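Owing to the predicted nature of the structure, the values given are computational and were not obtained by experimental measurement. Chain letters run A, B, ... following the sequence lines, proteins first and then strands; every chain starts at 1.
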Amino acid sequence: MSIYDTLNSEQKKAVLETDGPVLILAGAGSGKTRVLTHRIAYLIDECGVNPWNILAITFTNKAAGEMRDRVDKIVGFGSESIWVATFHSTCVRILRRYADKIGYENNFTIYDSDDSKSVLKDICKRYQLESQQLKLRNIQTAISHAKDNCVDAHEYATAAGTEYRKQRIAKAYLEYESTLKKNNAMDFDDLLLNTVKLFRDNPEILKQYQERFRYIMVDEYQDTNNVQFEFIRLLADRYKNLCVVGDDDQSIYRFRGANIRNILDFEKVYPNAFVVKLEQNYRSTQSILDAANCVIKNNFGRKEKALWTDEGKGEPVRFKRCNTGPEEAEFIASDIVKLKKQGRADYKDIAVLYRTNAQSRLIEERFVYEGIPYDLVGGVNFYGRREIKDLLAYLKTIDSGADDLSVRRIINVPKRGIGATSIEHVQNYADKINISFLKACEEADMIPGLNKSAMAKCVAFANMIRVFRAYEKECTLEQLLQRVIREINYLDYLATIDDNADTEDNEREQNVDELISKMAAYEEKEDEPTLTGFLEEVALVADIDNVSDDDDKVLLMTLHSAKGLEFDHVYLAGMEENLFPSYMTLMNEDSDPEGVEEERRLAYVGITRARKQLTLCCAKARMTRGQLQYNGVSRFVTEIPREMLNDISVSDGGFLFDGGESINDDDDIDLDTGSIFKKKMDFSKSTGYGASPVAKSPYAGTKAAVSYSGGRPVAKAAPAKKRAVPKDKPFIAGAAATHKKAGITGLKKGMPGMEILDYGVGDRVLHVKYGTGVVKEIVKEPRDYKVTVDFDEFGQKIMFAAFAKLKKL
DNA sequence: AAAGCAAGCTTTTTT
DNA sequence: AGCTTGCTTT
């Protein structure tokens with residue numbers, strides 16, 4: 001008996017069909033990872049394929065790591081030379097070798113979407129590209145989609161033709177591209193697009209990789225976009241041993257450019273493709289699968305399939321409609337407490353899934369209140385935090401210095417008295433002679449318009465970076481980071497930036513510590529740790545990558561993040577029309593019916609995460625963006641026949657939800673379970689948890705709870721006690737603040753003060769920024785003169801004489 | 001230069 | 001509602 005005998009017949013077919021294109025349509029929970037790993041083992045052990053020739057691509061590092069572990073377990077020898085990686089890291093590895101072939105340096109930096117955004121913002125400002133109809137956000141997604149479709153800036157500009165909107169996007173795109181190139185930086189989309197470019201322009205390099213990767217496997221194929229498709233197509237073009245695994249019903253990343261046609265049309269692109277359907281589910285009970293099937297069958301144009309299981313019916317799917325959002329959270333929390341008490345589940349067997357990150361707050365608050373330990377996935381990314389971005393910018397600058405964005409981020413952080421005006425001068429100079437911002441700082445004494453002290457500060461900054469670079473050569477990465485933090489007094493700086501000094505700064509400090517440990521961990525595990533390598537790793541992690549099931553905690557996350565995971569008990573929160581499906585998709589339903597279909601697939605993903613018990617929850621009324629909204633029950637609930645649901649909305653049973661109908665203000669609702677009127681009152685007072693110690697400041701409590709422990713960027717439920725100890729700290733901080741304030745005012749006294757003005761009403765004056773204008777009015781104030789000037793170009797401005805520094809003409 | 005304040009936007013999802 | 005942003009104020 002071989003390991004392959006444990007597979008079912010369809011799985012076995014998928015494993016044994018090793019050559020040529022293969023499409024595995026793998027329903028949720030049908031054991032696709034198992035198939036993939038066995039397939040790899042089969043290739044190596046039975047077909048004599050060199051592990052070196054195998055490439056397996058996934059979407060997340062977490063998935064890659066899991067696959068790697070499982071492959072290691074069943075492949076006898078050489079499993080370490082199998083290339084298992086995400087799309088992005090695969091491309092980075094290729095580009096680190098060959099970026100110079102397409103006009104980059106090989107040590108390019110990687111921009112996350114925040115970085116792209118700030119670059120674009122500068123551009124939009126400079127060229128006045130933003131408007132009511134065309135917002136920064138639109139431009140950013142337009143560019144991203146263009147890249148997803150392999151359209152570069154020039155092609156986009158050509159295609160834009162006379163269309164004004166597109167012309168402006170094209171302008172932004174062109175500028176954006178040249179800025180990134182100048183900064184030797186690539187964004188996420190570039191990693192793919194540039195690799196494809198590299199392959200297209202350099203057939204010999206492509207051939208080399210084609211020869212290397214003779215057997216290619218792609219997981220989650222339904223979520224590939226067009227560049228990813230092209231990347232794979234090119235790689236597989238020589239041997240065509242391409243095996244893709246996916247489920248069209250789980251395609252949920254269209255907004256990110258994923259093209260569901262890639263999987264639906266696979267057989268058109270590869271007419272001789274071997275197709276296998278895996279429909280037997282090894283995860284969930286039949287009740288859960290029935291619910292999933294009922295929902296997903298409402299989609300059109302899908303590949304027909306239906307999940308089934310050998311296991312029994314199990315418990316029926318539960319449905320609970322609460323009055324309000326907080327009540328929904330309360331229900332979920334108390335239900336979990338019950339599960340735990342009855343010994344039916346550990347915390348780690350439970351997940352709460354929702355459509356939008358904003359929904360996590362209420363649930364978190366309630367969890368803190370009930371003392372339920374939880375991990376929060378997503379939300380504000382660890383690497384998106386200010387203090388982390390600052391330090392990474394230092395590291396990036398030390399590593400390369402070509403990236404102006406990073407240099408400009410830190411040149412005045414902590415404050416060095418280099419203000420916006422000075423930065424502008426330096427930038428202008430750099431632009432003029434086409435050098436980097438950092439280089440311009442080095443030769444700041446050559447910069448016209450820059451005053452003496454600013455010059456000195458810029459040069460000092462450049463020197464400091466030089467010193468840091470020397471450190472890099474002589475000490476470990478961790479020591480380097482520690483030294484940087486110490487020498488720029490970063491922790492002192494952090495203490496000054498948050499005004500609510502009690503918890504915030506402490507949290508930032510913890511994040512800094514966390515970054516240090518991540519650096520240390522990286523150094524530990526890597527054979528040849530480099531700064532570039534660390535920055536790269538950091539740039540390509542997703543929040544979900546850091547989730548491990550070692551901790552006994554309930555997981556809170558969006559439905560998107562949950563793809564690929566499974567739990568005994570799953571709560572789907574916020575099953576309401578306008579929330580899920582979101583009002584955005586409902587608004588565009590007529591013009592874009594695909595949107596709702598994608599939401600339905602998302603519902604399908606959510607439902608099929610559950611192994612034993614699924615609970616669908618919603619609220620009749622909910623606070624959304626500061627407004628009370630009444631939502632009907634989500635269609636994804638009503639698509640499941642009532643008799644298949646156990647409605648527990650009223651504890652004594654018998655109450656059935658009323659269709660998808662929404663309720664109005666003056667509808668009388670459930671006066672027996674607490675009237676909606678009363679709940680409305682609750683909304684006005686924070687979030688309605690009365691006088692509990694946590695409720696005193698529910699949000700602050702939650703924030704404090706979001707800490708970074710155990711090496712992962714996830715929140716954990718913090719005990720509510722935290723407040724008591726640092727009680728005297730705000731006092732000290734407050735005292736310090738007072739001193740500082742006094743210091744500033746003291747300084748102020750010695751400042752310009754009341755000078756005698758050399759101009760009067762009616763005179764023409766010159767302002768450094770606003771140019772020329774006419775003085776309209778001068779009002780004497782206790783400290784200074786308030787001068788009103790009508791500028792020729794900027795209109796009327798009121799300013800203080802001491803700061804305006806007007807010159808009489 | 002930096003603090004303080006009003007305005008507007010957001011969040012649907014993220015490698 | 002909460003957060004970021006830009007403008008005003010000192």
**OP:** Kindly write out the residues that satisfy side chain to side chain contact (heavy atoms under 4.5 Å, CB included) with A:Thr86, not counting sequence neighbours, or none if the list is empty.
**Re:** A:Thr58, A:Asn61, A:His88, A:Ser89
Tabulate atom names and distances for all N/O pairs under 3.5 angstrom spanning the protein and nucleotides 13-15 of chain B.
unit_1 : atom_1 : unit_2   : atom_2 : d
B:dT13 : OP1    : A:Asn357 : N      : 3.1
B:dT13 : OP1    : A:Asn357 : ND2    : 3.4
B:dT13 : O4'    : A:Arg355 : NH2    : 3.3
B:dT13 : O2     : A:Arg355 : NH2    : 2.8
B:dT14 : OP1    : A:Thr558 : OG1    : 2.9
B:dT14 : OP1    : A:Ser561 : OG     : 3.3
B:dT14 : O4'    : A:Arg256 : NH1    : 3.3
B:dT15 : O4'    : A:Arg256 : NH1    : 3.4
B:dT15 : O3'    : A:Phe59  : O      : 2.5
B:dT15 : O2     : A:His88  : NE2    : 3.2

Original post:
Rounded to whole angstrom units, what separation is found between the CD atom of A:Glu365 and the C1' atom of C:dG2?
Top reply: 13 Å
Original post:
How is the base pairing of DNA chain B summarised as a dot-bracket string, given the Watson-Crick and G-U wobble criteria with both distances under 3.5 Å, [ ] for crossing and | for another strand?
Top reply: ||||||||||.....
Original post:
Are a donor atom and an acceptor atom from the side chains of A:Tyr111 and A:Asp190 found within less than 3.5 Å of each other?
Top reply: no
**OP:** Quick one: list whatever passes side chain to side chain contact (heavy atoms under 4.5 Å, CB included) with A:Arg256, sequence neighbours left out.
**Re:** A:Phe59, A:Tyr253
Original post:
Listed by chain and number, what are the side chain to side chain donor-acceptor pair (under 3.5 Å) partners of A:Lys62, not counting sequence neighbours?
Top reply: A:Glu66
Original post:
Rounded to whole angstrom units, what separation is found between the CD atom of A:Gln627 and the P atom of B:dT11?
Top reply: 17 Å
Subject >> Distance, rounded to the nearest Å, where A:Met557 contributes CE and B:dT11 contributes P >> reply: 22 Å
Subject >> Those residues that, when tested against A:Glu594, pass salt bridge (Lys or Arg N to Asp or Glu O under 4.0 Å) (two or more places apart) >> reply: none
Original post:
Could you give the CG-to-P distance, from A:Leu362 to C:dA1, as a whole number of Å?
Top reply: 14 Å
**OP:** Using atom types as modelled and distance alone, determine if a side-chain donor or acceptor of A:Asp115 lies under 3.5 Å from a backbone N or O of A:Asp112.
**Re:** yes
Subject >> Partner residues of A:Asp249 under the salt bridge (Lys or Arg N to Asp or Glu O under 4.0 Å) criterion, sequence neighbours left out >> reply: A:Arg302, A:Lys305
Subject >> Partners meeting salt bridge (Lys or Arg N to Asp or Glu O under 4.0 Å) with A:Arg93 (sequence neighbours left out) >> reply: none
Subject >> salt bridge (Lys or Arg N to Asp or Glu O under 4.0 Å) against A:Arg600, all qualifying residues, sequence neighbours excluded >> reply: A:Glu639
Subject >> Atom-pair distance (CZ on A:Phe580; C1' on B:dT11), nearest Å >> reply: 15 Å
**OP:** Using whole Å, report how far CG of A:Leu120 lies from C1' of C:dT5.
**Re:** 17 Å
Subject >> Between C:dT4 (C1') and A:Leu136 (CG): distance, integer Å >> reply: 13 Å
**OP:** Using the P atom as the reference point in each nucleotide, state the distance between B:dT13 and C:dT4 in Å, no decimals.
**Re:** 16 Å
**OP:** Under 4.0 Å between any heavy atoms, over every strand shown, what does A:Tyr583 touch: base, sugar-phosphate, or nothing? Just pick one.
**Re:** sugar-phosphate
Subject >> Distance, rounded to the nearest Å, where A:Tyr354 contributes OH and B:dT11 contributes P >> reply: 16 Å
Original post:
Within the structure shown, what part of the strands sits under 4.0 Å from A:Lys563 by heavy-atom distance: base, sugar-phosphate, or nothing?
Top reply: nothing
